[in-house]
Amino acid sequence: MSKPSQIANHRYLPSHEARDSFSAAKRRKNAAHGVSRGCTKETSEPQRGERRVLTHTQKSSRFSRTALLSLISSVTLLCATLPARAQSPNAQLPPGDVKEKAEAVCLTCHEARIIVQQRLSKAAWTKELDKMIKWGAEVDPKDHDALVDYFSANFGPDQPVYEAPKSQTESKMKSKH
Amino acid sequence: MLSRRNFLKTASAAALAAGAARPLLTWAADPAISVPGKDGLIVRSYRFLDLEMPVEFMTDWITPVKHFYVRNHMFPPAKIDAGAWKLTVTGEVEKPLTLTLADLAKIPVHSVVNTMECAGNGRTLQSPKVPGVQWGKGAVGNAEFSGPSLKTVLEKAGLKNTAKHVQFRGLDQVPGKVPPFIRSIPIEKALDADTLIATHMNGAPIPAHHGYPARALTPGWVGAASCKWLTEITVLDKPAEGNFMSPGYRFPNTPGKPGEPIKPEDTHALTALTVKSTIAAPSDGAKLKPGAHVIQGAAWAGEADITKVEISTDGGASWNAAQLGKDQAKYAWRFWSYPWKPAKSGDYVILSRATDNQGRTQPDAAVWNPSGYLYNAYDQVKVYVQA
């Protein structure tokens, strides 16, 4: 049985995207210090490049540990709070064993937001899935119960309300051109 | 020198704090969701498109198109060639017709200011929760629709005395095995001069989102009675069949137990809207300073007229009359306002309650039904007054 998403009431970041935004913060920090790294391989000691840059910085502006910590915090906070560089206006389904099955079966006709805003009991989810099958959703009978469990676990009556986003304002759309 | 361990600790703490801050950001406009012609609407679904007006926009008596809600059951038609578009009138008629846009343009135009509301507006407030688009309070708008009266076109075709219902079919693109969006209205409503084949909305050709080049316009009724992208009118000797006549768009004859299913034979098709009010300002959860404020909003009642709107600022213990706005039209909402000076700081529950000239008053709890239609309980906002 899939675990309910911890952020069931928000737009979902698939787990790889969440990881990437953290890595991006680290890369940005490194780049700011003149260190470019092709990967995010962790090391336990600062690299020689970092030490040299810091020494140079220390010479010119006495860049303290506290200041560095604030810089890192703000950069990370900024990257984590920027809307995920969403290429898609559609919502995402949450992680789970049958996530890909659900995507294949459901998202041919409509986007995930139709699903993720529901708050239904298991019995009600069963009824909805059966209605969707009647309307053309190609569900393999052996996946039926697992799909019901996935929807019930993530979008049951006790989950917090889904907060839908807003479309772009007219002025923002105009200013892009 | 900052060790990797300390960096990770700081960054994680920051990221966690950011996660906690996220709810504010989900209210912000999403840069990925750009809908040309629409301005800052709540995206209930992008594909297919269901957009809701935030209630703070309920301050223009005529809702601009850019703020008007959009409801699609399925996909709109691909771009329509206005020159090639045809509207057929067949069934229980003497002389079946095929009309072009040019033919429609020759018929005298009739205009109606209509408050259109989705039958499912307010669904998210139903308890227990029901399936469907989880509309808040903004699947409603008021616009001027113009076009020939449907009556004129039906009389041109000549109605047989077997004519009992008028069925509409649109050019929606139907996915999978979804039943097509086909519904009908009774002949009496079809022959009312205010029921239109609308080609214009707020003075301009009706936009694609709202049914270009023509839609049915059944004023004062649920939005589902106003079929978009109209292409076929079929006169029937009985109500239309199909999913969107039954089990869709039906309401219990007598209220059942919340959460319990209702038998189809104990329901009737939705027709006119019921009495309702919505508070446009202040917003739910607003923090207000002590002093003079204005509580304001809209009220409507389908084919009936609003006679009064009452406001409570003490959670329903006492009620006072709001002032009704001057803008009026037969099927249009009425704006109202209520000056309020909270006596002291604290939490306030503000309620609005409308009454119409059919003697209906909003109830304190809506009639629950399995599809969550026609939610019309008192509207409610909670505000916090602090110096």
Side-chain angles (χ1 to χ4, degrees), chain A residues 7 9-11 21-22 25-26 29 42-46 50-51 54 65 68-69 72-81 83 86-91 108-111 113-114 117-121 124 127-128 134-137 157 161-173 176, chain B residues 1-8 10-19 21-48 50-52 54 66 74-75 124 128-134 136 175-179 243 259 370:
Chain A
I7 49 168
N9 59 325
H10 302 303
R11 282 184 300 122
S21 73
F22 173 79
K26 189 170 182 189
K29 170 228 159 192
E42 317 290 2
T43 57
S44 53
E45 288 299 312
E50 284 183 24
R51 185 190 292 272
L54 284 169
R65 185 164 185 263
L68 180 62
L69 271 169
I72 294 161
S73 308
S74 0
V75 169
T76 312
L77 187 70
L78 183 67
C79 295
T81 57
Q87 293 80 18
S88 171
N90 299 315
T108 41
C109 286
H110 60 76
E111 66 128 322
R113 205 167 269 121
I114 295 275
Q117 69 189 270
Q118 307 302 326
R119 294 291 177 266
L120 301 174
S121 65
K127 197 160 167 243
E128 287 311 294
K134 218 172 79 171
W135 285 6
V161 165
Y162 171 71
E163 308 279 13
K166 286 186 186 170
S167 67
Q168 271 295 277
T169 57
E170 202 175 40
S171 51
K172 275 259 160 62
M173 286 193 289
K176 281 190 172 139
Chain B
M1 201 54 64
L2 189 67
S3 75
R4 173 184 163 264
R5 189 173 297 127
N6 284 348
F7 167 74
L8 284 175
T10 315
S12 320
L16 272 175
R22 211 170 251 280
L24 291 174
L25 289 160
T26 57
W27 287 114
D30 188 320
I33 311 182
S34 156
V35 184
K38 294 295 175 183
D39 177 29
L41 302 188
I42 302 164
V43 182
R44 295 293 169 201
S45 174
Y46 182 76
R47 186 181 152 263
F48 25 84
D50 293 312
L51 300 177
E52 177 180 336
K66 67 181 181 179
M74 42 196 93
F75 299 106
T124 201
K129 293 239 180 258
V130 298
V133 177
Q134 299 297 307
K177 293 189 237 157
V178 176
N243 176 78

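No experiment lies behind these values; they were computed from the predicted model shown. Lettering of chains follows the sequences in order, A, B, ..., and the numbering in each one begins at 1.
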**OP:** Mind running side chain to side chain contact (heavy atoms under 4.5 Å, CB included) on B:D50 and A:I114 for me, showing each step along the way?
**Re:** CA-CA 10 Å; B:D50 293 312; A:I114 295 275; 4.3 Å; yes
Subject >> chain A contact via B:P54 - side chain, backbone, both or neither, heavy atoms under 4.5 Å >> reply: side chain
Subject >> Side chain B:D39, main chain A:E170, donor-acceptor under 3.5 Å >> reply: yes
Original post:
What closest approach, in Å, do A:L120 and B:P131 show between heavy atoms, and which atom pair accounts for it?
Top reply: CD2-N, 3.6 Å
Original post:
Do you know the tightest heavy-atom contact between A:S167 and B:A29?
Top reply: O-CB, 3.6 Å
Original post:
Does A:H110 reach the side chain of B:S45, with side-chain heavy atoms less than 4.5 Å apart?
Top reply: no
**OP:** Pick whichever of B:P179, B:P370, B:G176 has the most heavy-atom pairs under 4.5 Å with chain A.
**Re:** B:P179
**OP:** Tell me, out of B:V130, B:V133, B:L51, B:L41, who's got the most heavy-atom pairs with chain A below 4.5 Å.
**Re:** B:L41
Subject >> side-chain hydrogen bond (donor to acceptor under 3.5 Å, both in side chains) involving A:E128 - partner list, sequence neighbours excluded >> reply: none
Original post:
With sequence neighbours left out, what residues match B:Q134 under side-chain hydrogen bond (donor to acceptor under 3.5 Å, both in side chains)?
Top reply: A:Q118
Original post:
Between A:Q117 and B:R44, is there a donor-acceptor pair closer than 3.5 Å when you use the side chain of the first and the backbone of the second?
Top reply: yes
Subject >> Evaluation steps, side chain to side chain contact (heavy atoms under 4.5 Å, CB included), between A:Q168 and B:D30 >> reply: CA-CA 6 Å; A:Q168 271 295 277; B:D30 188 320; 6.0 Å; no
Subject >> Main-chain N/O of B:Y46 paired to A:E111 side chain as donor or acceptor, under 3.5 Å >> reply: yes
Subject >> Least distance between heavy atoms, B:A32 atom then A:P89 atom >> reply: O-CB, 3.6 Å
Subject >> Which portion of A:K127 sits near chain B, non-hydrogen atoms under 4.5 angstrom >> reply: neither
Original post:
Nearest 0.5 Å, what's the NZ-CE distance between B:K66 and A:M173?
Top reply: 9.5 Å
Subject >> Distance in Å, B:K129 NZ paired with A:S121 OG, rounded so as to fall on 0.5 Å steps >> reply: 13.0 Å
